[in-house]
Amino acid sequence: MLSGYLTERTVRTELAADGKEAAIREMAAMPATTGNVRDTEELVRVALAREAQGTTGLGESIAIPHAKTDAVSRPTVGFARSTEGIEWGAPDGTTAQLVFMISVPEAAAGDEHLRILALLSRKLMDSGFRDRLRSAPDEAAILDVLREIQ
């Protein structure tokens, strides 16, 4: 269940960013409003370093950037949409329209971030779920859709 990691503060209906690095910066600022992030710049640095190892653009217009760092005090997930789509280097060539950012403390990294990734990935394979995420009119409606992730 992701509800403990996602709140209205970590959900955005539309990213202002037009590139991957700007999107990661914008996404990292979201969990910073929850008090779960000690150092936003470090979170961005670690997420970009992970991105440099290989894209987190999964295809099907989905990207899941993630960071394991003690700049984060507890696991947090952010979600935002990009109507235009952001070039993320996905294997199928699609741009990222549904972006999730997983941030976990180094100590919790092993199991927790993989568990969150598995929950997300499984649900995101469902095209109906992706469509509901795309069409949800506001943050509250997006959270309702995300509550389906068990």
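These numbers were taken from a predicted model, which means no experiment stands behind them.
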Looking at [X] and [Y], what are the two nearest heavy atoms and their distance?
X: S73; Y: G35; value: OG-O, 3.8 Å
X: A67; Y: L43; value: CB-CD1, 3.6 Å
X: T13; Y: P137; value: CG2-O, 4.2 Å
X: T94; Y: A90; value: O-CB, 3.5 Å
X: A22; Y: A17; value: C-CB, 3.5 Å
X: I24; Y: A47; value: CG2-CB, 3.7 Å

Side chains of [Y] and [X]: any donor to acceptor distance under 3.5 Å?
X: T56; Y: E51; result: yes
X: T69; Y: E106; result: no
X: R81; Y: Q97; result: no

For this session: Output, in order, the C-alpha distance, side-chain angles, deciding distance and verdict of side-chain contact (heavy atoms from CB on, under 4.5 Å) for S61 and L98.
Result: CA-CA 6 Å; S61 300; L98 304 174; 5.6 Å; no
For this session: Verify, without hydrogens or angle tests, whether R74 (side chain) and P105 (backbone) share a donor-acceptor contact under 3.5 angstrom.
Result: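 Not confirmed, R74 side chain does not pair with P105 backbone.
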Side-chain contact, heavy-atom cut-off 4.5 Å: [X] with [Y]?
X: E60; Y: L124; answer: no
X: R130; Y: R134; answer: yes
X: L117; Y: I64; answer: yes
X: S103; Y: P75; answer: no
X: K68; Y: I102; answer: no
X: M30; Y: T33; answer: no
X: L119; Y: I116; answer: no
X: M101; Y: P31; answer: no

Exercise. How far apart are the C-alpha atoms of V11 and E8, what are their side-chain angles, what is the distance that settles it, and do they pass the side-chain contact (heavy atoms from CB on, under 4.5 Å) test?
Worked result: CA-CA 5 Å; V11 171; E8 281 199 37; 5.8 Å; no
Joint cluster assignment, [X] & [Y], ILVMFWY side-chain distance < 4.5 Å:
X: L6; Y: V72; answer: no
X: I142; Y: V77; answer: yes
X: I62; Y: L133; answer: yes
X: V99; Y: V44; answer: yes
X: V46; Y: M27; answer: no

For this session: Give, for atom OG1 of T55 and atom CZ of R50, the distance between the pair rounded to the nearest 0.5 Å.
Result: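 Output value for this atom pair is 8.0 Å.
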Exercise. To the nearest 0.5 Å, what is the distance between CZ (R132) and CG (L146)?
Worked result: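 It is 10.5 Å, given to the nearest 0.5 Å.
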Is the shortest side-chain N to carboxylate O distance from [X] to [Y] below 4.0 Å?
X: E139; Y: R9; answer: no
X: R25; Y: E21; answer: yes
X: E148; Y: K123; answer: yes

Exercise. Taking everything shown except D18 itself, do over 12 heavy atoms lie less than 6.0 Å from its CG?
Worked result: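 For D18, atom CG is not crowded (no more than 12 foreign heavy atoms under 6.0 Å).
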Exercise. Is it true that atom CD of E84 has more than 12 heavy atoms of other residues, nucleotides or ligands lying nearer than 6.0 Å?
Worked result: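 No, not enclosed.
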Problem set entry | Verdict with supporting geometry, I86 and L15, side-chain contact (heavy atoms from CB on, under 4.5 Å) | CA-CA 10 Å; I86 297 168; L15 281 169; 3.8 Å; yes
Exercise. Under the ring-ring contact (aromatic ring centres under 6.0 Å, His included) rule, what pairs show up with a residue in residues 84-105, not counting sequence neighbours?
Worked result: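 For residues 84-105, and leaving out neighbouring residues, the ring-ring contact (aromatic ring centres under 6.0 Å, His included) pairs sorted by first residue read F79-F100.
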